Amino acid sequence: MADLSCKYLGLQLKNPIVVGSSGLTSSLDNLKIISQMGAGAVVLKSIFEEQIKFETDKFLQSDNKQMKSWQETFQDIVSKKEFYYEEAYDYLTNYAREHTLNQYLSLVSEAKRVVDIPIISSINCSTQYDWQYFARRIQDAGADALELNVYLLPSDFDKSSSEHEQVYFDIIREVKKFVTIPISLKIGYYFSSLSHTALQLSETGIAGLTLFNRPYNPDIDTEHLQVNSSNMFSNDSEYTHTLRWVALLSGKIKCDIAASTGIHNQETVIKQLLAGADVVHMVSVFYKHHFEILPGIISGIRDWMAQHNFSSISDFKGLLSRKNVHNPASYERVQFLRLFSSVE
Ligand SMILES: Cc1cc2nc3c(=O)[nH]c(=O)nc-3n(C[C@H](O)[C@H](O)[C@H](O)COP(=O)(O)O)c2cc1C
C-alpha cells in the first residue's frame with residue numbers, strides 16, 4: 001500500500017494533509033475528530049492580539065459576575081490609590097491577557113495530551129513584545145511547532161516595500177530568540193518581489209513557509225450602497241495562484257512549503273504536491289463538508305499513487321515544480337497571449 005508519510009517542519013506526519021488554522025481548530029472536540037479522521041497534523045486557531053485587546057475591554061465592561069469582580073478589583077485598586085490609575089489599568093489588562101492566553105495554552109496542552117497528531121500553534125500579533133511573550137508560553141505548553149500568521153497589507157503610502165517587508169524579518173528574529181520549536185511563517189501575497197523575499201525569509205532559520213493566507217476582502221453592495229465583506233470561504237478553483245508560487249519556489253527556498261487556499265479535494269492536494277509542496281493546509285472545505293470527507297481524500301490520494309506506481313510521497317513531490325518541468329515558462333507566463341487570440 002502506498003505510504004503517505006512525510007516530514008514537515010521536522011515533524012513526522014502520517015500524511016501531508018494539515019487541517020489549517022481556523023475556528024474549526026479551536027476546540028478540543030474538533031481536534032479529536034480531526035485526528036480520528038486521519039489528518040496528518042493540525043494548526044490551531046491563531047491567538048490574535050486584537051482578540052486579547054477585545055477581551056480586555058470585555059473585562060472592563062461586562063456585567064458577568066466574574067468579570068464584575070475584576071471591575072471591582074479595578075475600582076478597589078484605584079480607590080485605595082495604591083497605584084496610579086495607569087498602573088491599575090495595566091494590572092487589569094495584564095490579567096485579561098493572561099486569562100485569554102491561559103485558555104489558549106490549556107487548549108495546546110490538552111490537545112497534546114489527548115490527540116496523537118502534531119499540534120502546530122499559531123499566533124498573530126503586531127508588536128515584538130507580544131510575539132516573544134506568547135511564543136515562549138506556547139512552547140512551554142507543549143506545541144510541536146509554531147506558525148506565525150503575519151498578514152500585513154502594504155497600504156501605507158508613506159512606507160516603502162522594504163520598510164514593509166522588514167517587519168516580517170523583525171518578527172521572526174525576535175520570536176526565534178525565545179523559542180526552539182520549529183517556526184513556520186504564513187504570509188499573504190502582497191510582496192513586491194515575492195521570490196526574492198521568500199528566499200530571504202527562508203534563510204532566517206524558519207522551518208516552513210505557508211503560501212498563502214486568504215485575506216478578508218471587502219466587496220460593495222450596489223443595492224444598499226455600502227461596503228461589506230466578500231465570501232469568507234474559498235471555492236475549489238482558487239488553488240491556482242498558490243500552485244504557481246509553490247511551483248516557482250519549490251527547490252529554491254531553504255525551508256518547507258505548505259500550500260494553502262482553495263484546496264478542496266484529493267486532486268488539488270496531488271497537484272500541490274506535484275508542484276513541490278511538502279504539505280497542504282485545508283480549511284474552507286471542512287466548513288462546507290465537515291471532517292467526514294477526510295478519509296475519502298486520503299484514500300483518493302492513495303489510489304492515485306497506486307495507479308501511477310508511486311509508493312511514497314517523495315516519488316512524486318516536486319515532479320512538476322518549475323525546476324523540473326521542460327517548459328518553466330508555463331509557470332511564469334502571466335499573459336494569455338495566443339490563448340486570447342483564439343477566444344473570440
Ligand atoms: C473562518 C476562518 C477563520 C480563519 N482563521 C484563521 C486564523 O486564525 N489564523 C490563520 O492563520 N488563518 C486563518 N484562516 C485562514 C485559513 O487558515 C486558510 O489559510 C484560508 O482559509 C485559505 O484556505 P482554504 O481555501 O482551505 O480555506 C481562517 C479561515 C477561515 C475561513
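Read the numbers this way: they start at 1 and go in the same order the structure lists the ligands and their atoms. All figures in this text were calculated on a predicted structure; none of them were measured in a lab.
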Are the side chain of Asp144 and the backbone of Ile120 linked by a donor-acceptor contact shorter than 3.5 Å? no
Between Gln139 and Thr180 (side chain of the first, backbone of the second, donor and acceptor by atom type, cut-off under 3.5 Å), is there such a pair? yes
Looking at Asp278 and Lys317, is any side-chain nitrogen of the basic one under 4.0 Å from a carboxylate oxygen of the acidic one? yes
For ligand 1, which atoms sit closer than 4.0 Å to a heavy atom of Asn149? 9 (N), 10 (C), 11 (O)
Ring centres under 6.0 angstrom apart (His308, Phe316): no
Go through ligand 1 atom by atom and flag the ones less than 4.0 Å from a non-hydrogen atom of Phe233. 31 (C)
Tyr190-Leu249 co-clustered via ILVMFWY side chain contacts under 4.5 Å: yes
Go through ligand 1 atom by atom and flag the ones less than 4.0 Å from a non-hydrogen atom of Arg214. 20 (C), 22 (C)
Between the candidates Gly20, Ser260, Gly262, which shows the shortest non-hydrogen contact distance to atom 18 (C) of ligand 1? Ser260
Of all the non-hydrogen atoms in the protein, which one sits nearest to atom 26 (O) of ligand 1, and at what distance? Val283 N, 2.9 Å
So the atoms of ligand 1 within less than 4.0 Å of a heavy atom of Met232 turn out to be 1 (C), 31 (C)
Here the atoms of ligand 1 under 4.0 Å from any heavy atom belonging to Phe48 are 8 (O)
For ligand 1, which atoms, with element, lie under 4.0 Å from some heavy atom of Tyr287? 1 (C), 2 (C)
Could you tell me which atoms of ligand 1, counted from 1 in the order shown, lie closer than 4.0 angstrom to a heavy atom of Lys186? 10 (C), 11 (O), 12 (N), 15 (C), 16 (C), 17 (O), 18 (C), 19 (O)
Considering the heavy atoms of Ser234, write down every atom of ligand 1 situated less than 4.0 Å from one of them. 24 (P), 25 (O), 27 (O)
